[in-house]
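As the structure lists them, so they are numbered: ligands from 1, and atoms in each ligand from 1. Quick caveat: nothing in here was measured; it's all calculated off a predicted structure.
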Amino acid sequence: MSAKTSLICLVKYRCYFWRLYRTYMKNETLINIAKDYKTPVYVYNGNKIKNQFQRLKNAFNKVDNLRIKYACKALSNISILSLIRSFGSGLDTVSIQEVHLGIKAGFNPEDIIFTPNGVSLEEIESVASMGVQINIDNLSTLEQFGSKHPNTPVCIRINPHVMAGGNSNISVGHIDSKFGISIHQIPHILRIVENTQMQINGVHMHTGSDILDIEVFLHAAEILFDTALRFKNLEFIDFGSGFKVPYKPGDIETNIEELGEKLSQRFKLFCKTYGKELKLTFEPGKFLVSEAGYFLTKVNAVKQTTSTVFAQVDSGFNHLIRPMMYGSHHEIVNISNTKGKERFYTVVGYICETDTFGSNRKIAEISEGDILAFRNAGAYCFTMASNYNSRFRPPEVLWYKEEAHLIRKEETFEDLTQNQILIEFNETVVVN
Ligand SMILES: *Cc1c(COP(=O)(O)O)cnc(C)c1O
């Protein structure tokens with residue numbers, strides 16, 4: 001290694017550790033937030049969100065027209081939206097309500113894309129009338145929308161039939177997905193476009209699964225490039241998301257830097273072939289916010305049974321449903337006793353049915369009253385919370401530049417009942 005390359009390596013490493021240091025949330029800070037705002041509480045580290053945004057931007061720094069559109073279904077608190085907007089992001093939305101939230105948070109309609117699946121034509125028309133980019137993913141909607149609004153530019157969501165998640169078996173994999181219009185139906189799309197004279201200004205894909213293998217992503221990209229050549233007036237190509245983030249030590253994550261290097265090069269080449277500088281769009285959700293989130297709970301009881309030791313916390317799947325819904329792994333850390341001897345616990349919630357956050361986890365010795373932090377609680381956690389068991393949804397706190405901001409209050413009994421209508425009955429039931 002030459003002196004110059006070792007110097008570059010050293011600088012890169014120092015930057016890496018400096019970034020890690022800057023974006024790391026201290027246990028002490030989390031404990032203080034738990035004290036100040038009570039548990040359960042969601043905490044988001046805005047510094048980490050910013051860092052992830054920066055990483056994605058850096059990875060594609062060779063592309064002139066990069067557009068990042070945060071997929072807000074992952075975490076849709078309006079202050080989070082406002083923060084991510086301030087970084088220069090656009091927004092990816094899947095419902096008209098998300099579009100309204102985005103506009104409330106300060107996004108321009110032109111920076112929002114609407115990528116619904118299976119919604120009514122009326123909803124699509126309402127969103128289009130607000131000046132938001134529409135993305136259509138089925139033939140009949142395309143035909144109806146195109147006939148009625150030929151002058152509204154539309155993006156088309158393609159299903160490239162690629163199995164993400166390490167399986168590079170392309171052609172027919174994923175054929176049963178309900179998302180996107182099959183690449184095998186492109187002749188049909190072209191017929192609709194010609195008949196309605198509608199304008200197609202973008203092509204889009206989003207495989208939806210965790211992408212482990214960059215080659216699979218690049219292969220899907222080739223399919224999208226082929227598709228793009230069939231449309232003459234494109235302005236952008238949208239590669240969706242599906243970037244994998246680590247959930248536990250040793251987990252593989254999408255190598256965004258490598259993907260950036262390879263895809264940027266290929267994209268520039270494509271633009272030459274196409275004869276126009278297009279915009280390159282991504283819609284990261286998880287990648288931006290997953291690792292930024294912590295869900296803090298307090299241990300109500302430690303219960304020894306014949307088979308395991310249960311740690312019962314003051315929350316349940318009403319607040320964090322991912323482990324029960326699709327077996328997601330969230331690391332659980334006892335931040336009240338980080339140096340304690342590790343023991344095995346099954347961490348459960350208070351919901352009156354099976355409500356397991358994690359089985360047989362090695363956690364530093366737990367006492368009643370300790371605060372347990374769930375990691376990766378930024379994406380698809382609060383947004384999936386409910387009032388099941390008539391519990392309040394927890395407050396949300398944003399930690400940004402060494403300061404805590406309350407961004408959602410805990411609910412109250414009034415919130416629970418405000419839309420319910422009480423009818424007073426006066427019946428009696430007698431034996432007859
Ligand atoms: C959910 C979604 C995303 C974000 O996916 P992540 O895996 O959270 O990054 C992006 N685009 C569309 C259309 C989506 O529905």
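Ring-plane geometry between F225 and F267 is classed as tilted, the angle between the planes lying from 30 to 60 degrees on a 0 to 90 degree scale. Ring geometry, F87 versus Y400: the interplanar angle falls from 30° to 60°, so the pair is classed tilted.
Where the criterion is an N or O separation shorter than 3.5 Å, residue side chain and backbone included, G285 meets it with respect to ligand 1. Between R157 and ligand 1, not a single N/O pair is under 3.5 Å apart.
In this structure, R375 places its CZ atom where only 12 or fewer heavy-atom neighbours from other residues, nucleotides or ligands lie under 6.0 Å away. Heavy-atom contacts from other residues, nucleotides or ligands closer than 6.0 Å to CG of N233 number 12 or fewer.
Residue-ligand proximity, T115 to ligand 1, at heavy-atom distances under 4.0 Å covers atoms 13 (C). Near E283, with a cut-off below 4.0 Å to any heavy atom, the atoms of ligand 1 are 3 (C), 4 (C), 10 (C), 11 (N), 12 (C), 13 (C). Contact atoms of ligand 1 toward K73: 1 (C), 2 (C), 3 (C), 14 (C), 15 (O) (distance under 4.0 Å to a heavy atom of the residue). Residue-ligand proximity, D92 to ligand 1, at heavy-atom distances under 4.0 Å covers atoms 10 (C), 11 (N), 12 (C), 13 (C), 14 (C). Set against the non-hydrogen atoms of G242, the atoms of ligand 1 under 4.0 Å away are 7 (O), 9 (O). The contact set between ligand 1 and A71, taken as ligand atoms under 4.0 Å from a residue heavy atom, comprises 3 (C), 4 (C), 10 (C).
No option in K248, R55, K244, K286 other than R55 meets the salt bridge (charged side-chain N to carboxylate O under 4.0 Å, His left out) test with E253.
Looking at F243 against ligand 1, nothing comes within 4.0 Å, counting heavy atoms. Proximity of N135 to ligand 1, defined as any heavy-atom pair under 4.0 Å, is not found for any part of the residue. For H206, every heavy-atom contact with ligand 1 shorter than 4.0 Å involves the side chain, none the backbone. With a 4.0 Å cut-off on non-hydrogen atoms, A74 does not touch ligand 1 at all.
If you check the side chains of D370 and N337, you find no donor sitting under 3.5 Å from an acceptor. At a cut-off of 3.5 Å, with distance as the only test, no side-chain donor of H319 or R393 sits close to an acceptor on the other residue.
Heavy atoms of Y380 come nearer than 4.0 angstrom to ligand 1 in at least one pair.
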Applying side chain to side chain contact (heavy atoms under 4.5 Å, CB included) to T29 and N32, what does each step give before you reach the verdict? CA-CA 5 Å; T29 310; N32 285 336; 5.8 Å; no
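Cation-pi geometry between R391 and Y350 is satisfied (NZ or CZ under 6.0 Å from the ring centre, within 45° of the ring normal).
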